[in-house]
Amino acid sequence: MRTDRTFTMLKPDSVEKGHIGAILEKITASGFRIVAMKLTQMTKADAEEFYAIHSERPFFGELVEYMTRGPIVSAILEKANAVEDFRALIGATNPADAAEGTIRKLYAASIGENAVHGSDSDENAAIEGAFHFSGREMF
Ligand code: IDP
Ligand code: MG
């Protein structure tokens with residue numbers, strides 16, 4: 001399993017607010033190389049599968065509704081220590097707790113609508129990347 005890649009989504013709120021360019025600039029300026037990327041929209045079934053680990057949580061319905069309401073930018077990013085460094089770059093799940101300068105501090109509205117996704121482990125990065133991209137779409 002490679003340890004130098006992570007998976008991200010710029011969530012529907014980021015796309016709606018016109019923040020794609022600013023967020024991608026911050027990501028690439030922080031040393032991440034984009035090795036896969038597309039604008040796509042998840043179906044309800046896609047979102048339920050992607051977030052299956054949260055299916056028993058009280059916010060699951062709201063999360064699926066949010067993540068399917070419009071297009072997202074999904075991407076695979078490469079950098080040494082990618083998973084950990086990207087989690088640091090995006091900041092805490094709740095933007096109120098996110099450090100200054102992090103993507104969620106800058107662009108997220110709430111714990112639910114929090115602008116970006118970042119994988120939480122190398123194993124999940126590989127699973128999530130493969131969920132969104134075929135081999136021909138990864139470079
Ligand atoms: P993460 O995205 O920082 O890894 P997780 O706990 O894995 O956070 O939750 C996945 C996503 O579910 C969050 O990014 C957010 O969009 C949503 N979420 C998490 N906790 C809550 C909550 O308490 N209320 C509403 N939505 C939540
Ligand atoms: Mg998570």
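What you are looking at is a predicted structure, and each value in this text was computed from that prediction instead of being measured. We count residues from 1, following the sequence as given. Just so you know, ligand 1 is whichever comes first in the structure, and atom 1 is the first atom listed for that ligand.
Ligand 1 lies out of reach of H117, whose nearest heavy atom is not under 4.0 Å from it. For the ligand labelled ligand 1, residue N114 lies inside the 4.0 Å heavy-atom shell. At a 4.0 Å cut-off, not a single heavy atom of M9 sits close enough to ligand 1 to count as contact.
Taking a cut-off of under 4.0 Å to the non-hydrogen atoms of R87, the atoms of ligand 1 that pass are 1 (P), 3 (O), 4 (O). Annotation for ligand 1: atoms under 4.0 Å from non-hydrogen atoms of K11 are 13 (C), 14 (O), 16 (O). Of all the atoms in ligand 1, the ones that sit under 4.0 Å from a non-hydrogen atom of H54 are 5 (P), 6 (O), 7 (O), 9 (O), 10 (C).
For the salt bridge (charged side-chain N to carboxylate O under 4.0 Å, His left out) with E113, the lone residue among K17, R69, K11 that qualifies is R69.
Remark: ligand 1 and Y51 share no N or O pair separated by less than 3.5 Å (distance only, no angle test). The shortest N/O to N/O separation between R57 and ligand 1 does not fall below 3.5 Å.
Note: Y51 and F60 fail the aromatic proximity criterion, with ring centroids not under 6.0 Å apart.
Annotation: cation-pi pair K38/F133 present, NZ/CZ under 6.0 Å from the ring centroid and within 45° of its normal.
At a heavy-atom distance under 4.0 Å, no atom of M67 approaches ligand 1.
For the residue pair H132/E137, the side-chain donor-acceptor check at 3.5 Å is not satisfied.
Counting protein heavy atoms only, atom 22 (C) of ligand 1 is closest to F59 CD2, 3.5 Å. Atom 3 (O) of ligand 1 has T93 OG1, 2.5 Å as its closest protein atom, hydrogens excluded (heavy atom only).
Electrostatic pairing of E62 and R57 does not count as a salt bridge here, judged by no charged N lying under 4.0 Å from a carboxylate O. Under 4.0 Å is where a charged nitrogen must lie from a carboxylate oxygen, and between K79 and D85 at least one such pair does.
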